[in-house]
Peer 1: 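This is the structure I want to talk about, given as structure tokens.
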Amino acid sequence: MTYKPRSDFLRILEERGFVQDCTDYEGLDEAVLAGAAPGYIGFDATAPSLHVGSLIQIMMLRWLQKTGGKPICLMGGGTTRIGDPSFKDEARPLLDEARIAENLSGIRRVFDRYLAFDDSATGAVMPDNNDWLGALNYIAFLRDYGKHFSVNRMLAFDSVRLRLEREQNLSFLEFNYMLLQAYDFLELRRRFGCVLQMGGSDQWGNIVNGVDLTRRVLGEEVYGLTSPLLTTADGKKMGKTAAGAVWLNGEMLSPYEFWQFWRNTADADVPRFLKLFTELPLDEIARLGALAGAEINEAKKTLANEVTALAHGPEAAVAAAETARETFEEGGAGAALPTVRVTLDGDAASVVQLLVRTGLASSGKEARRLIAEGGARVDDAVVTDPAATIPQARFGEGPVKLSAGRKRHALATLG
């Protein structure tokens, strides 16, 4: 980024590493400086929560609000019925209306932690694009808006081209997605005066379509801004672990497990993650990022505390940190560890089955492999026999602590 921003919004995003591309830096800067600039990011309702792969976009909306802009969290109640083909190997399953409504409710709870929804000029809003997409007359839509799209150009977008080059099916339904996303921008401009769409760099083509359509139909300038697609230092996509997605909703992933995910950040990722996912001052981030050796663990704990406090509240962050301290530093079993209730089939419980039930192993085969490699523990004692069981009397003494390696723990109780 060679342009030097004058607005706090663009300056902060650039300093913290959020900016990949912009359709017009200077034009966007002027629009933001004009005051209470509305900007949006779209989120399809494919699950009852977002995961940390969406956290960059959520933080961009948060910074927009904190610097005097108006965040628009566009829910894709309409586009979820189609599915975004961008860089997907295959079409995703289509959801019914009841599941979409349930997912939208869960996602709203995530945003309530990060944004202020009120009637002020900068108050966040959460419209659903099904409000206008569901009422479209398809023939009229094609006549009025389809004429502004070049099929040649659409086929050239990486998100489409890669599917075709791999000879993977791209349905006509999915191909329509980019038209509808562009129409979303146009409709948000009409309804909310929206001047900006943000998203990951994989959305660049869709965003440019919306900027172009709004200019052609309304004769007005709007802008697009993308962030880098985030990968960890080892090249893995952000938001996934061996145990599955790192959800932002506490009902799907406990605050302790969320805290632990950030605590386990690779050393090389700590400075970057502190910039993107916390609001700590940059000079403090520079100090923490410069720590080396064992001291870097303090920076990781700070990262875990700050991110968890934003996602789940300060009290949950404190409880998670205390559980980690009790578990790792004192060899105990902190109260916030993930807990499952089990019923006994006889007078004992299989360790293999408990490892699976607690999510420490994805299958019995994995649990037995974990035991064979010396990575499974019960009450901090290594388990060496895959046929090992825990007697009923032990459960009467309190929760049983199970561990997979040195960083993953859970409790089992009789229920």
Side-chain angles (χ1 to χ4, degrees), residues 1 3 5 7-34 36-44 50-76 79 84 86-87 107 110-111 114-115 122-127 129 157 159 177-178 180-189 191-215 220-230 238-239 248 275-277 279:
M1 182 176 179
Y3 175 75
S7 66
D8 288 341
F9 172 66
L10 268 184
R11 177 182 56 79
I12 290 171
L13 260 58
E14 191 275 330
E15 290 175 344
R16 289 181 170 264
F18 286 97
V19 178
Q20 173 88 6
D21 285 305
C22 181
T23 56
D24 180 355
Y25 287 110
E26 188 170 358
L28 174 57
D29 216 14
E30 291 291 338
V32 171
L33 286 168
Y40 95 95
I41 300 177
F43 301 88
D44 281 347
L50 301 175
H51 59 64
V52 299
S54 297
L55 197 48
I56 282 186
Q57 278 66 55
I58 295 173
M59 291 300 293
M60 290 171 81
L61 288 171
R62 182 175 170 87
W63 281 117
L64 177 66
Q65 187 171 55
K66 287 173 71 70
T67 55
K70 183 180 184 68
I72 301 173
C73 312
L74 179 64
M75 293 293 99
T79 41
D84 183 0
S86 297
F87 298 94
I107 291 172
V110 170
F111 277 105
Y114 291 91
L115 301 173
T122 61
V125 293
M126 186 174 280
N129 66 10
F157 286 137
S159 57
Y177 188 96
M178 63 181 72
L180 298 179
Q181 183 170 327
Y183 182 71
D184 282 345
F185 202 168
L186 173 65
E187 196 65 28
L188 290 172
R189 175 64 178 173
R191 293 177 180 231
F192 297 97
C194 186
V195 298
L196 170 65
Q197 181 183 0
M198 298 179 285
S201 59
D202 60 340
Q203 293 296 313
W204 178 252
N206 290 338
I207 290 173
V208 170
N209 273 336
V211 171
D212 188 54
L213 180 64
T214 303
R215 182 189 302 118
E220 298 174 357
E221 290 297 326
V222 291
Y223 308 96
L225 181 71
T226 60
S227 60
L229 288 184
L230 190 63
M238 186 71 175
L248 298 175
K275 286 183 177 180
L276 292 170
F277 302 122
E279 296 173 344

Peer 1: Using distance alone, with no hydrogens and no angle criterion, decide if Asn129 and Tyr183 have a side-chain donor and acceptor under 3.5 Å apart.
Peer 2: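 On atom types as modelled, these side chains do not qualify, holding no pair under 3.5 Å.
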
Peer 1: Please report whether the ring centroid of Phe111 lies less than 6.0 Å from that of Phe43.
Peer 2: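 Under 6.0 Å, so yes.
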
Peer 1: Taking the side chain as every heavy atom from C-beta outward, state whether Arg189 and Val195 have any pair of such atoms under 4.5 Å apart.
Peer 2: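 Arg189 vs Val195: side chains touch.
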
Peer 1: Is a salt bridge present between Glu279 and Lys66, judged by a nitrogen-to-oxygen distance below 4.0 Å?
Peer 2: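 Yes, charged N to carboxylate O under 4.0 Å.
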
Peer 1: Looking at Asp21, is its backbone amide N or carbonyl O close enough to the side chain of Thr226 to form a donor-acceptor pair, meaning the two atoms are under 3.5 Å apart?
Peer 2: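 Judged by distance alone, yes, a pair lies under 3.5 Å.
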
Peer 1: Do the side chains of Leu276 and Phe18 get nearer than 4.5 Å, heavy atoms only?
Peer 2: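 Result yes, sub-4.5 Å side-chain heavy-atom pair found.
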
Peer 1: Under the side chain to side chain contact (heavy atoms under 4.5 Å, CB included) test against Asp44, which residue among Thr79, Leu74, Ile107 passes?
Peer 2: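 Per the side chain to side chain contact (heavy atoms under 4.5 Å, CB included) rule, the option paired with Asp44 is Thr79, out of Thr79, Leu74, Ile107.
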
Peer 1: Within the distance-only criterion (no hydrogens, no angle test), does the side chain of Thr67 pair as donor or acceptor with the backbone N or O of Asp8 below 3.5 angstrom?
Peer 2: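 Side chain of Thr67 to backbone of Asp8, a donor-acceptor pair under 3.5 Å: no, none is there.
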
Peer 1: Walk me through whether Tyr40 and Phe192 qualify under ring pair (Phe, Tyr, Trp, His ring centres under 6.0 Å).
Peer 2: CA-CA 10 Å; Tyr40 95 95; Phe192 297 97; 9.8 Å; no

Peer 1: Distance alone, cut at 3.5 Å: any donor-acceptor contact between the side chains of Ser227 and Gln57?
Peer 2: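 Yes, side-chain donor-acceptor contact under 3.5 Å.
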
Peer 1: Between Tyr3 and Tyr25, how do the two ring planes meet: parallel, tilted or perpendicular, split at 30° and 60°?
Peer 2: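 Judged by the thresholds at 30° and 60°, the geometry between Tyr3 and Tyr25 is parallel.
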
Peer 1: For Glu26, is the CD atom crowded, meaning more than 12 foreign heavy atoms sit under 6.0 Å from it?
Peer 2: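 No, CD of Glu26 has 12 or fewer neighbouring heavy atoms, counting only those of other groups under 6.0 Å.
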
Peer 1: Would you check if there is a donor-acceptor pair between the side chains of Gln197 and Gln203 at a distance under 3.5 Å?
Peer 2: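 No, no side-chain donor-acceptor pair sits under 3.5 Å.
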
